[in-house]
Participant: 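My questions will all concern the structure given below.
Both backbone and side-chain heavy atoms feed into the values below; hydrogens, waters and symmetry mates do not.
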Amino acid sequence: MSKITLPEFHMPFESTGCNPGIQATRQAAWEWAAENDLVLSPVAQKKMVRTRPELWISLIFPEASQEHLDLFCQWLFWAFLVDDEFDDGPAGRDPHVCEEAIARLVDVLDGTSAPNGPMEHALDGLMMRTCEDRSLRWVRQFRRDTVGWLWTYYAEAVDRAAGHVPSTADFVKHRRDSVAMQPFLDLHEITAGIDLPESARSLPAYIALRNAVADHSGLCNDICSFEKEAMLGYEHNTVRLIQRDRGGTLQEAVDEAGIWLARIADRVQRAEKELVEEIEAARIDGPARAALERCVQDYRGLVRGDFDYHARAERYTRPDLMEVDEQHSLSRNFAA
């Protein structure tokens, strides 16, 4: 067991509870995986059970309908399969293999290529269900955020192959995309019943608010993942980078990361205040104003739900349970 002590984290936001549909959405996610021929090895099955995607999605979207909760959980299940393939598996160590796999997923996402293999077919189905009845501007945003997340795996694969480790400052920017929170902020609009116009998305404070929410999630994840990732030799982790840059102990790096996390929570609050001021300054009214106010109202709950999830899921609380799934190429789920 670890001798590292996690600090008492500053969390100024109240919990908004857990969606009562959590167990139903868990069952729906595993049934969806089976229907899409997403076959998990025994090790991968145990890891997904410990990951508990249904918990994260139910804490993030406590008031979502069962239909939306199920759809979003299936997206998260799929995203964790991607994450484990390229973070923990050998495919993330081979830039060429990684590039080809990510490019195929992006082509399917764009509808420019017919899907091959279970992961591509699953993605195609998720996109069709998700984008139905959504505006073109929303689809553009969701596509941009999802593609931005996917290509971060290729960037990390190239770093590893070249023996490069990013600076902490550069990694913070990279982590904003690689944590995959941005696409789920887009999905929030579906369950909230809103559709932000481009002008609202372009407000500096709205962008700052989204970035702060994503940054909080990324750092929280890194603090809770550093032990598991250290065992895998995975260096793309803020805690590990702080330790390398500062030259101190791992405990000192964890404590420093905790201070950073508190500062990001303060950034969320500051961006909320500035967004209210910008709404007034820009004289935004009607549905656009209501949509932005809904984001201000709900994003705090997203931050708190993500924070609570990391304290409860065994993927993060029990690094001692980690098992390595030995493979030498992409799993059959990604195979064409």
Participant: Can you say whether the rings of His68 and Phe72 are parallel (under 30°), tilted (30 to 60°) or perpendicular (over 60°)?
Facilitator: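 The arrangement is parallel - the two ring planes meet at less than 30°.
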Participant: Please determine if Lys46 and Glu314 form a salt bridge, counting it only when a charged side-chain N lies under 4.0 Å from a carboxylate O.
Facilitator: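 No, Lys46 and Glu314 are not salt-bridged.
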Participant: If you measure from OH on Tyr153 to CH2 on Trp151, what distance do you get to the nearest 0.5 Å?
Facilitator: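 Atom-to-atom, Tyr153:OH and Trp151:CH2 are 13.5 Å apart.
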Participant: Hey, does Val179 have a side-chain heavy atom less than 4.5 Å from the side chain of Leu219?
Facilitator: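 No; the side chains remain at least 4.5 Å from each other.
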Participant: Please evaluate residues Asp145 and Arg176 with respect to the criterion salt bridge (Lys or Arg N to Asp or Glu O under 4.0 Å), reporting the C-alpha separation (whole Å), side-chain torsions for both, the decisive distance (0.1 Å), and the verdict.
Facilitator: CA-CA 10 Å; Asp145 290 334; Arg176 188 172 291 163; over 6 Å; no
Participant: Taking the side chain as everything from C-beta on, heavy atoms only, tell me whether Asn19 gets closer than 4.5 Å to Glu63.
Facilitator: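 Side-chain contact under 4.5 Å: no.
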Participant: With a 3.5 Å distance limit and no angle check, can you tell me whether Thr112 reaches the backbone of Asp107 through a side-chain donor-acceptor pair?
Facilitator: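 Yes.
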Participant: Do Cys295 and Ile194 have side-chain heavy atoms sitting under 4.5 Å apart?
Facilitator: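 Cys295 reaches Ile194 side chain to side chain.
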Participant: Decide if the gap between the ring center of Tyr316 and the ring center of Tyr309 is smaller than 6.0 angstrom.
Facilitator: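 Distance test on ring centres: under 6.0 Å, yes.
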Participant: Gln251 and Asp255: side-chain hydrogen bond (donor to acceptor under 3.5 Å, both in side chains), yes or no, with the steps?
Facilitator: CA-CA 6 Å; Gln251 181 66 64; Asp255 292 343; 3.1 Å; yes
Participant: Quick one: which residue pairs count as a salt bridge (charged side-chain N to carboxylate O under 4.0 Å, His left out) with a foot in residues 264-273, not counting sequence neighbours?
Facilitator: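 Output for this query lists Asp215-Arg267, Glu272-Arg300, Lys273-Glu277.
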Participant: Can you list every ring pair (Phe, Tyr, Trp, His ring centres under 6.0 Å) pair that touches residues 261-300, not counting sequence neighbours?
Facilitator: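 Matches after skipping sequence neighbours: His188-Tyr299.
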Participant: Before you tell me yes or no, could you show the steps for Phe184 and Trp75 under ring-ring contact (aromatic ring centres under 6.0 Å, His included), namely the whole-Å CA-CA distance, both residues' side-chain angles and the distance that decides it to 0.1 Å?
Facilitator: CA-CA 9 Å; Phe184 284 94; Trp75 266 113; 7.7 Å; no
Participant: Does any part of the side chain of Leu123, heavy atoms only, come nearer than 4.5 Å to the side chain of Pro115, both counted from C-beta?
Facilitator: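 Not in contact.
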Participant: Once side chain to side chain donor-acceptor pair (under 3.5 Å) is applied, do any residues pair with Gln243, and if so which ones, sequence neighbours excluded?
Facilitator: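 Gln243 satisfies side chain to side chain donor-acceptor pair (under 3.5 Å) with no residue once adjacent residues are dropped.
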Participant: Could you work out, with salt bridge (charged side-chain N to carboxylate O under 4.0 Å, His left out) as the rule, every residue matching Asp308, not counting sequence neighbours?
Facilitator: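 Asp308: salt bridge (charged side-chain N to carboxylate O under 4.0 Å, His left out) contacts with Arg304.
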Participant: Side-chain atoms of residues 53-62: list all donor-acceptor pairs with protein atoms under 3.5 Å, sequence neighbours left out, distances to 0.1 Å.
Facilitator:
residue: Trp56; atom: NE1; partner: Asp306; partner atom: OD1; Å: 2.8
residue: Ser58; atom: OG; partner: Glu54; partner atom: O; Å: 2.7

Participant: Might you work through the salt bridge (Lys or Arg N to Asp or Glu O under 4.0 Å) test for Asp222 and Arg240, ending with a clear yes or no?
Facilitator: CA-CA 9 Å; Asp222 283 358; Arg240 301 283 294 174; over 6 Å; no
Participant: Any pair with a residue in residues 107-139 that passes ring pair (Phe, Tyr, Trp, His ring centres under 6.0 Å), sequence neighbours left out, goes on the list, sorted by first then second residue, please.
Facilitator: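 Residue pairs with at least one partner in residues 107-139: Trp138-Phe142.
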Participant: Glu252 and Arg246: salt bridge (Lys or Arg N to Asp or Glu O under 4.0 Å), yes or no, with the steps?
Facilitator: CA-CA 9 Å; Glu252 289 171 338; Arg246 301 293 176 86; over 6 Å; no
Participant: Within a strict 4.5 Å, meaning less than it, do heavy atoms of the Pro12 and Gln269 side chains meet?
Facilitator: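 Yes, their side chains come closer than 4.5 Å.
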Participant: Using a strict 4.0 Å threshold on nitrogen-to-oxygen distance, state whether Glu67 and Arg129 make a salt bridge.
Facilitator: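 So Glu67 does not pair with Arg129 through a salt bridge.
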Participant: Where the side chain of Arg137 meets the backbone of Leu196, is there a donor-acceptor pair that is under 3.5 Å apart?
Facilitator: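 Here the side-chain-to-backbone pair exists.
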Participant: Hydrogens and angles aside, do Thr152 and Asp177 bring a side-chain donor and acceptor to less than 3.5 Å of each other?
Facilitator: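 No, Asp177 and Thr152 have no side-chain donor paired with an acceptor closer than 3.5 Å.
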Participant: Consider only side-chain N and O atoms of Gln74 and Asp70, and report whether a donor and an acceptor are under 3.5 Å apart.
Facilitator: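 The criterion, which ignores hydrogens and geometry beyond distance, is not satisfied for Asp70 and Gln74.
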Participant: Please identify each residue that fulfils side chain to side chain donor-acceptor pair (under 3.5 Å) with Thr191, with sequence neighbours left out.
Facilitator: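 If we apply the side chain to side chain donor-acceptor pair (under 3.5 Å) test to Thr191, skipping adjacent residues, there are no hits.
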Participant: The criterion is side chain to side chain donor-acceptor pair (under 3.5 Å); which residues satisfy it with Thr51, sequence neighbours excluded?
Facilitator: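 Partners of Thr51 by the side chain to side chain donor-acceptor pair (under 3.5 Å) criterion, ordered by chain and then number, come out as Arg315.
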Participant: Does Glu8 CD have over 12 foreign heavy atoms under 6.0 Å away?
Facilitator: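 No, not enclosed.
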Participant: Out of curiosity, does Val276 fall in the hydrophobic cluster containing Phe13 (side-chain heavy atoms, cut-off under 4.5 Å, transitive links)?
Facilitator: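 Per the 4.5 Å side-chain linkage, Phe13 and Val276 are not co-clustered.
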Participant: Hydrophobic cluster mates of Met128, side-chain heavy atoms under 4.5 angstrom, ILVMFWY only, any path?
Facilitator: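 Its cluster mates, by chain and number: none.
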Participant: Indicate yes or no: at least one non-hydrogen side-chain atom of Glu278 is less than 4.5 angstrom from one of Leu292.
Facilitator: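 No, every pair of side-chain atoms sits at 4.5 Å or beyond.
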Participant: For residues 28-43, which residue pairs qualify under salt bridge (charged side-chain N to carboxylate O under 4.0 Å, His left out), counting only residues two or more places apart or in two chains?
Facilitator: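 For residues 28-43: Asp37-Arg332.
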Participant: Verify the distance criterion only: is there a donor paired with an acceptor across the side chains of Gln141 and Arg144 at less than 3.5 Å?
Facilitator: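 Indeed, the side chains of Gln141 and Arg144 share at least one donor-acceptor pair under 3.5 Å.
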Participant: Using the salt bridge (charged side-chain N to carboxylate O under 4.0 Å, His left out) rule, collect all pairs that involve residues 147-159, keeping only residues at least two apart or in two chains.
Facilitator: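 Listed once each, the pairs are Glu156-Arg160.
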Participant: List for me each residue that meets side-chain contact (heavy atoms from CB on, under 4.5 Å) alongside Arg289, sequence neighbours excluded, and say none if there are none.
Facilitator: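 Expected list: Ile279, Glu280, Ile284, Asp285, Glu293.
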